[in-house]
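The structure under discussion is supplied below as structure tokens; questions concerning it will follow.
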Amino acid sequence: MLTLTLRGAATGRLTARMAQTSRAAVNITVSSSRLLDDTSHVQLCLRWFCSCVVLVLKNCTDEEFRCRSGQCVSLAFVCDSESDCEDGSDEGSCPVPTCSPGSFQCNNSVCVPRLWACDGDADCADGSDEWPQNCPGVTGQKPQTVCRDHEFLCASGECVHGSWRCDGTGDCADGSDEHNCTAPTCRPDEFLCNDGSCVPGMRQCDGNPDCRDHSDETDCVTVKACAGPGRFQCRSGECISADRVCDGQRDCSDWSDEPLKDCNTNECLTNNGGCSHTCSDLKMGYECVCPAGFHLINRTHCEDVDECADADRCTQICINLPGSFRCDCKDGFELDHMTKDCKAVTGSGAFLLFSTRHEVRKMALGSRTYTALIGQQKNVVALDVDVHNDRIFWSDLSLQKIYSAAAADPAHPSTVIDSGISRPEGLAVDWIHGNIYWTDSKLQTISVATADGSKRKTLISEGLQKPRAIVVDPQNNFMFWTDWGEPARIEKSGLNGADRTALVTQDIAWPNGITLDVLSGRLYWVDSKLHTLSSIGVNGDGRHTLIQDEQKLGHPLALAVFEEKVFWADTHSNSIWSASRVTGRDFTALAEHLHGLEDIVLYHSLTQPSGENWCRAGGGCEFLCLPAPQINTHSPKYTCACPDHMTLAADTRTCVSGAFRPHLDSLHVVSSRRSPTAVFCAGVNSTVPSRTAPRLTLSLSLSLSLSLSVAVCLLVVGSMLLWRHWRQFVSS
């Protein structure tokens with residue numbers, strides 16, 4: 001008997017061919033460690049005879065259940081009233097479950113915690129935990145959602161922008177924003193955009209998109225009569241075939257196709273035509289040609305093309321070479337010379353964590369089998385990890401809390417934040433300084449707390465509308481977040497809330513998930529309205545739309561990046577997808593039939609590189625030490641912060657009573673020999689030029705009324721002016 005072993009990624013159809021064999025009995029084994037699919041098809045060919053296609057099954061582990069289709073799923077998903085097998089065989093022949101006394105049995109026999117029943121949230125798939133007959137005497141369980149001005153209330157309970165009503169795209173979870181809509185009509189002189197809006201007809205195909213979906217600039221074809229190398233345009237306006245140029249026949253009415261000076265003259269013979277590289281003689285005139293990797297400037301000289309200007313050319317390091325480029329990798333990765341991708345060679349195996357409302361699940365990369373890591377949750381939304389401390393953080397939207405648990409012992413979570421929180425839809429872990437950051441779309445705030453929740457502060461409370469996803473860069477001390485208010489945007493600030501700026505404000509509608517590739521310094525985000533996956537540099541440079549696909553990006557909520565791949569969770573298809581983040585192609589559905597998808601993160605040590613913790617031992621701060629953004633070499637490493645009901649004292653380290661009043665509670669005078677003397681008082685800046693003033697730093701904490709503060713400021717400014725004139729008088 002001949003044993004044939006198939007190795008490598010067995011995706012698609014494999015054909016095994018054998019030159020000679022004396023027996024027809026063949027045993028086939030498949031290396032399951034390299035098998036990406038649960039099944040593969042193999043055809044055996046013996047000499048001139050080929051067998052029918054043989055189905056090769058991957059070996060399921062002891063902790064897995066084999067579906068009738070051959071797929072392997074976790075035993076924990078068998079008979080849980082949710083089909084995880086593609087053919088639903090994990091739910092076949094299941095006995096009717098009996099619920100414990102502390103549980104509620106849904107009408108479809110599923111058991112949920114008793115506390116979840118009659119709380120206003122439908123936790124049973126059929127909603128039976130909220131049926132009136134199961135909730136006697138319970139009224140007003142959940143207050144009706146109240147949307148803001150210019151918003152539309154979906155029948156499913158959420159609020160979306162009012163301008164999205166009847167725009168041709170379902171934005172509500174139940175599509176109710178597109179119910180009872182009349183067909184859009186435009187005036188005869190207007191263009192109908194795909195989203196139903198109208199723009200002036202003269203603006204179609206003018207090179208500038210006027211429709212929000214850019215449909216007025218699609219399918220535009222600019223036809224030029226003499227376009228293409230086979231045509232020649234006479235100076236008199238006619239268009240003739242290029243073959244008729246310099247053929248001795250005058251075809252143009254102005255004879256411009258037969259210039260005596262240019263026809264049958266090889267300009268390349270003299271000084272190479274002035275070309276820096278290749279001179280190509282034409283029937284009339286000549287042209288300079290550049291080799292691959294160069295482009296023509298000034299019509300004669302070739303200049304090297306900087307391929308690395310395309311930020312997505314390489315996943316990590318791009319090195320520009322004359323006429324070419326080379327990709328390289330950061331420490332911990334090695335370059336695959338076949339694919340030019342950087343592959344991790346240190347650390348344990350990478351895996352994805354994703355939330356499905358009631359669970360946090362784990363799936364190793366290279367496998368399509370996932371297991372339940374954290375179960376029996378009410379409404380998990382945001383998710384993040386601290387790899388070095390092997391800890392998972394998540395927020396529960398219904399319970400309005402933030403939890404954490406050791407990845408090795410997720411059954412015993414601890415509560416991190418349990419008050420002063422409403423809709424924590426975004427969560428990020430600063431793995432270097434030991435803090436967590438979260439967004440609250442209802443309170444319209446961004447807050448920070450220590451990883452144990454013992455100290456917290458509201459960092460940003462102004463200018464936010466619908467903040468959602470958030471990600472941090474603790475090596476450079478910045479954070480980035482999405483806001484899908486009107487107008488939608490992606491913003492950036494220091495981890496202490498300073499140096500706030502907008503990164504993306506155009507061609508953005510519903511930015512949901514955001515992630516950061518720390519190694520390449522690029523942000524990736526998904527837009528659920530535009531159905532796009534885009535990237536941009538952390539300083540706002542090199543924006544690029546990587547994928548635009550209404551099917552695979554029907555309603556994406558979260559994403560992650562690792563090596564050459566980008567991963568995202570899409571609630572429209574209830575799937576987790578991956579694609580190449582260099583080409584935007586090679587789509588793969590990693591997991592399907594996932595209901596309640598919310599967030600996704602990638603777990604690997606190389607995604608969280610180590611850095612210097614300047615806040616170790618508190619940094620001398622009485623309350624909270626926050627890393628400061630590294631704008632330049634003179635930037636401070638950290639600043640101190642106080643709780644919301646207190647403010648910093650004059651020493652900028654301790655806290656004093658009283659809520660923070662911006663620009664009205666401190667006076668700072670800074671003077672230098674080489675810079676003007678600056679007086680900052682009560683939010684008013686005065687600058688006093690000085691050439692000889694010694695360095696002076698005066699910081700006075702004023703707990704005075706506004707009128708007294710202004711009087712003191714005027715006195716200080718006047719004194720500085722008198723001192724300046726006295727110094728000039730003495731020196732003269």
Side-chain angles (χ1 to χ4, degrees), residues 382-387 393 395 402 416-417 421 424-441 443-451 453 455-485 488-505 508 511-525 535-540 558-561 599 601 607-609 611-615 624-631 635-641:
L383 188 67
D384 205 4
V385 296
D386 182 348
V387 178
F393 293 78
S395 67
I402 295 177
V416 180
I417 302 294
I421 191 171
E425 295 183 312
L427 179 64
V429 176
D430 176 353
W431 63 89
I432 293 179
H433 304 95
N435 298 323
I436 63 170
Y437 294 77
W438 71 93
T439 63
D440 194 309
S441 60
L443 300 180
Q444 299 177 310
T445 57
I446 295 177
S447 303
V448 62
T450 52
K455 300 176 182 178
R456 61 181 286 186
K457 178 177 178 59
T458 302
L459 276 184
I460 299 177
S461 59
E462 296 180 357
L464 298 175
Q465 295 185 47
K466 291 180 176 291
R468 197 180 192 281
I470 186 171
V471 67
V472 298
D473 176 11
Q475 287 190 312
N476 299 296
N477 299 343
F478 283 100
M479 63 179 175
F480 310 84
W481 67 91
T482 63
D483 189 327
W484 63 281
R489 61 183 55 218
I490 294 176
E491 293 190 82
K492 163 188 177 181
S493 82
L495 289 177
N496 59 356
D499 194 37
R500 178 180 175 184
T501 183
L503 280 185
V504 181
T505 57
I508 187 171
N512 269 318
I514 189 171
T515 191
L516 171 67
D517 181 14
V518 178
L519 300 176
S520 66
R522 288 192 69 76
L523 288 165
Y524 293 78
W525 79 94
S535 69
I536 196 171
V538 292
N539 294 318
L559 76 168
V561 294
D599 206 354
V601 295
T607 63
Q608 295 184 348
E612 181 70 27
N613 182 6
W614 293 94
C615 283
L624 192 59
C625 175
L626 296 178
Q630 297 306 289
I631 303 171
S635 299
K637 302 301 182 183
Y638 65 89
T639 59
C640 298

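One is the number of the first residue; the rest follow in order along the sequence.
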Is a donor from one side chain sitting under 3.5 angstrom from an acceptor on the other, for Asn539 and Lys492?
yes

Taking the side chain as every heavy atom from C-beta outward, state whether Trp431 and Pro474 have any atom pair closer than 4.5 Å.
yes

Are Asp430 and Met479 side-chain neighbours, meaning at least one heavy-atom pair lies under 4.5 Å?
no

Using only atom types and a distance under 3.5 Å, with no angle test, would you say the side chain of Glu491 pairs donor to acceptor with the backbone of Leu464?
no

Less than 4.5 Å apart, side chain to side chain, heavy atoms only: is that true for Trp481 and Ile514?
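SC-SC contact between Trp481 and Ile514 ruled out.
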
Flag the pair Asp517 / Tyr524 as yes when at least one side-chain heavy-atom distance between them is below 4.5 Å, and no otherwise.
yes

Using modelled atom types and a 3.5 Å cut-off, is there a donor and acceptor pairing between side-chain atoms of Thr450 and backbone atoms of Lys455?
yes

Report yes if some heavy atom in the side chain of Thr607 is under 4.5 Å from a heavy atom in the side chain of Val385; otherwise report no.
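Not in contact.
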
Using disulfide (SG to SG under 2.5 Å), reason through Cys615 and Cys625 one step at a time and then give a plain yes or no.
CA-CA 6 Å; Cys615 283; Cys625 175; 1.9 Å; yes

Glu462 (side chain) donor-acceptor with Ile460 (main chain) under 3.5 angstrom:
no

Would you find a donor on one side and an acceptor on the other, under 3.5 Å apart, between the side chain of Asp483 and the backbone of Ala488?
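No; zero donor-acceptor contacts below 3.5 Å.
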
Does the side chain of Ile490 reach to within under 4.5 Å of the side chain of Ile536, using non-hydrogen atoms?
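They are not in side-chain contact.
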
Pick out which of Ile446, Ile421, Ile470 makes a side chain to side chain contact (heavy atoms under 4.5 Å, CB included) with Trp438.
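Answer to the side chain to side chain contact (heavy atoms under 4.5 Å, CB included) test with Trp438 among Ile446, Ile421, Ile470: Ile421.
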
Got a donor-acceptor contact below 3.5 angstrom from the Asp599 side chain to the Leu383 backbone?
yes

Strictly distance-based, threshold 3.5 Å: is any side-chain N or O of Thr482 a donor or acceptor partner for the main-chain N or O of Ala469?
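Yes; at least one donor-acceptor contact below 3.5 Å.
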
Does Arg468 offer a backbone N or O that forms a donor-acceptor pair with the side chain of Thr439 under 3.5 Å?
yes

So, the side chain of Ser395 versus the backbone of Pro424: is there a donor-acceptor pair under 3.5 Å, distance only?
yes

Looking at Gln475, is its backbone amide N or carbonyl O close enough to the side chain of Glu612 to form a donor-acceptor pair, meaning the two atoms are under 3.5 Å apart?
no

